[in-house]
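Working notes for the structure below.
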Amino acid sequence: MRLSAAVVCALVAVQAAVFLAAVPSVEAGELQVGYYGKKCKGLENVVKWHVIRALKANRRTGAALIRLLFHDCFVRGCDGSVLLDASYDNPHPEKEAPVNIGLAAFDLLEEIKAAVEDRCPGVVSCSDLLIYAARDASSILSNGHVHFDVPAGRLDGFVSKAEEAQAELPDSADDVQKLIANFARKNFTVEELVILSGAHSIGQGHCSSFAGRLSEPADQIKPAYRELLKYKCSQGSNPTVDNNVRDENYDVVARYTPGFASRVHKIPDFLDNSYYHNNLGKIVTFHSDWTLLTDKEAFGHVKEYAENGTLWDEDFANSLVKLSKLPMPAGSKGEIRKKCSVINHRLY
């Protein structure tokens, strides 16, 4: 029996309606500190245990978690969209955007998610887990100086688009006025732009992210540091370079910037205000770092935090909390994913 086109369309509409009704999606509510106190007892201890173990194996993972937090929340709010893999529904997810090159720690978050699902199935979102993990990493890498309570109750989003990430995230080659406008769109001040930039005291960047620095003049980058970057970037195809010169190989630093060799650390990635000292000395990796010195207000805050590390610790913690509260787009719905890299159901 052949069905008319009208009947076929009606059947398709009914099937779609039934399917969508079966997908448990809801709108996020108000965030609360202690949100999982009764819903999943011991949750924060579980997250911290996994983060501590991961950072003991590789401290770089801590920097990766903090970067993930920023790159997730700055696009579509804190909804775990940066964690999604390519799929039918999201063929080109955020993690494929050029601006997201080098994102890491996805495996650790899946490990944490699996442990939490065993303990409290279907209760804790991946977006909340990311923020707990980034908070713990910040505390560990700062020797406890950066600490804050996490307001929770987020949902995981369904949408992840590389083009959105590329359009919304600040670029390492941006000038200060573009950075200020970008942060203002998320309701962040010039001071908060400078505060969050301090995260570049840790982590690494690919040479492709600061290629322009290799030809910038001496009033923008210390010539000896520029030669160090050139040397590092000649060692492979788009290799990574430490954001903080004190984390570099001692012999390399002694060769190119011998006056800085005494500051080299045997253990990398200490989250502190050293970024601001480096910036004033024009020994920072990204153009977006140096360009802060060209705006009067931003420059004043760079000097302020270079002189007061304790103040930066406190303000950085507060800025991470504000960042973590960025909401999903109005009217968006979400879910509690079973795995952080995939949504629970196909949308179409």
(request) Please round to the nearest 0.5 Å and tell me the distance separating atom NZ of Lys333 and atom CG of Asp79. (result) 16.0 Å
(request) For the pair Arg213 (side chain) and Gln220 (backbone), establish whether a donor and an acceptor sit closer than 3.5 Å, ignoring hydrogens and angles. (result) yes
(request) Check whether any side-chain N or O of Asp242 sits under 3.5 Å from a backbone N or O of Asn244 as a donor-acceptor pair, and report yes or no. (result) no
(message) Salt bridge check, Glu192 against Lys186: does any charged N sit closer than 4.0 Å to a carboxylate O?
(response) no
(message) Can you confirm whether the side chains of Ser127 and Asp156 place a donor and an acceptor under 3.5 Å from each other?
(response) yes
(request) Answer yes or no: is there a donor N or O on one side and an acceptor on the other, between the side chain of Trp312 and the main chain of Ile195, under 3.5 Å? (result) yes
(message) So Gln204 and Val241, do their side chains get closer than 4.5 Å, heavy atoms only?
(response) no
(message) Around atom NE2 of His92, are there more than 12 heavy atoms from other residues, nucleotides or ligands closer than 6.0 Å?
(response) no
(request) Could you tell me whether the side chain of Thr285 and the main chain of Asn243 form a donor-acceptor pair under 3.5 Å? (result) yes
(request) Find out whether Lys325 and Lys322 are in side-chain contact, i.e. whether some heavy atom of one side chain is under 4.5 Å from a heavy atom of the other. (result) no
(request) Report yes if some heavy atom in the side chain of Tyr132 is under 4.5 Å from a heavy atom in the side chain of Ile112; otherwise report no. (result) no
(request) Take atom NZ of Lys339 as the centre, draw a 6.0 Å sphere, and report whether it contains more than 12 heavy atoms from other residues, nucleotides or ligands. (result) no
(request) Please list, chain by chain and in numerical order, all residues satisfying side-chain contact (heavy atoms from CB on, under 4.5 Å) with Lys178, sequence neighbours excluded. (result) Asp174
(request) Go through the steps for Val123 and Ile336 under the test side chain to side chain contact (heavy atoms under 4.5 Å, CB included), then give the verdict. (result) CA-CA 7 Å; Val123 172; Ile336 304 297; 5.9 Å; no
(request) Enter the distance from Cys78:SG to Phe70:CZ here, rounded to the nearest 0.5 Å. (result) 10.5 Å
(request) Could you tell me whether Phe316 and Phe148 have their ring centroids closer than 6.0 angstrom? (result) no
(request) Establish, from distance only, whether the side-chain atoms of His287 and Asp175 form a donor-acceptor pair under 3.5 Å. (result) yes
(request) Measure from the side-chain N and O atoms of Glu227 to the backbone N and O of Ala224, and report whether any donor-acceptor pair falls under 3.5 Å. (result) no
(request) Could you tell me whether Lys230 atom NZ has more than 12 heavy atoms of other residues or ligands within 6.0 Å of it? (result) yes
(message) Please check: side-chain N/O of Asp128 versus main-chain N/O of Gly153, any donor-acceptor pairing under 3.5 Å?
(response) yes
(message) Once rounded to the nearest 0.5 Å, what's the spacing between atom CZ of Phe183 and atom OG of Ser197?
(response) 5.5 Å
(message) Donor-acceptor check, side chain of Glu164 to backbone of Glu94, threshold 3.5 angstrom: yes or no?
(response) no
(request) Identify whether the distance between the nearest side-chain nitrogen and carboxylate oxygen of Glu110 and Lys113 falls below 4.0 Å. (result) no
(request) Decide if atom CG of Asn187 counts as having more than 12 heavy atoms of other residues, nucleotides or ligands within a radius under 6.0 Å. (result) no
(request) Output yes when a side-chain donor or acceptor of Arg337 lies under 3.5 Å from a complementary backbone atom of Gly80, and no otherwise. (result) yes
(request) Please say whether the positively charged group of Arg59, taken as NZ for Lys or CZ for Arg, lies over the ring of Phe270, i.e. under 6.0 angstrom from the six-membered ring centre and within 45 degrees of the axis. (result) yes
(request) Enumerate the residue pairs fulfilling side-chain hydrogen bond (donor to acceptor under 3.5 Å, both in side chains) with a member in residues 38-47, sequence neighbours excluded, ordered by first and then second residue. (result) Glu44-Arg135
(message) Does atom NZ (Lys95) have a neighbourhood of more than 12 heavy atoms from anything else shown, all under 6.0 Å?
(response) yes
(request) To the nearest 0.5 Å, tell me how far Leu179 CG sits from Ser172 OG. (result) 10.0 Å
(request) With the side chain counted from C-beta on, respond yes when Leu271 and Ser138 share a heavy-atom pair under 4.5 Å apart, and no when they do not. (result) yes
(request) State, to 0.1 Å, how close Cys40 and Arg119 come at their nearest heavy-atom pair, and which atoms those are. (result) SG-CD, 4.3 Å
(message) Tell me the closest heavy-atom pair linking Asp269 and Ala63, and the distance in Å.
(response) OD2-CB, 4.1 Å
(request) Output yes when a side-chain donor or acceptor of Ser160 lies under 3.5 Å from a complementary backbone atom of Ser81, and no otherwise. (result) yes
(request) Please work out which of the three classes, parallel, tilted or perpendicular, describes the rings of Tyr305 and Tyr276, given edges at 30° and 60°. (result) tilted
(request) To the nearest 0.5 angstrom, please state how far the SG atom of Cys340 sits from the CG atom of Asp107. (result) 11.0 Å
(request) Spell out, as yes or no, whether a donor-acceptor pair under 3.5 Å connects the side chain of Asn278 to the backbone of Val284. (result) no
(request) Give, for atom CD1 of Ile66 and atom CG of Leu130, the distance between the pair rounded to the nearest 0.5 Å. (result) 11.0 Å
(request) Only pairs at least two apart or in different chains count here, so list each disulfide bond (SG atoms under 2.5 Å apart) that has a residue in residues 285-330. (result) none
(message) A quick test of your reading: do over 12 heavy atoms of other residues, nucleotides or ligands sit less than 6.0 Å from NZ of Lys222?
(response) no
(request) With the side chain counted from C-beta on, respond yes when Ile131 and Arg154 share a heavy-atom pair under 4.5 Å apart, and no when they do not. (result) yes
(request) Please lay out, stage by stage, how Asp72 and Leu83 fare under the test side chain to side chain contact (heavy atoms under 4.5 Å, CB included). (result) CA-CA 8 Å; Asp72 182 42; Leu83 306 178; 5.7 Å; no
(message) Between Asp272 and Arg246, does any NZ, NE, NH1 or NH2 come within less than 4.0 Å of an OD or OE carboxylate oxygen?
(response) yes
(request) Please lay out, stage by stage, how Leu280 and His277 fare under the test side chain to side chain contact (heavy atoms under 4.5 Å, CB included). (result) CA-CA 5 Å; Leu280 292 172; His277 294 280; 5.7 Å; no
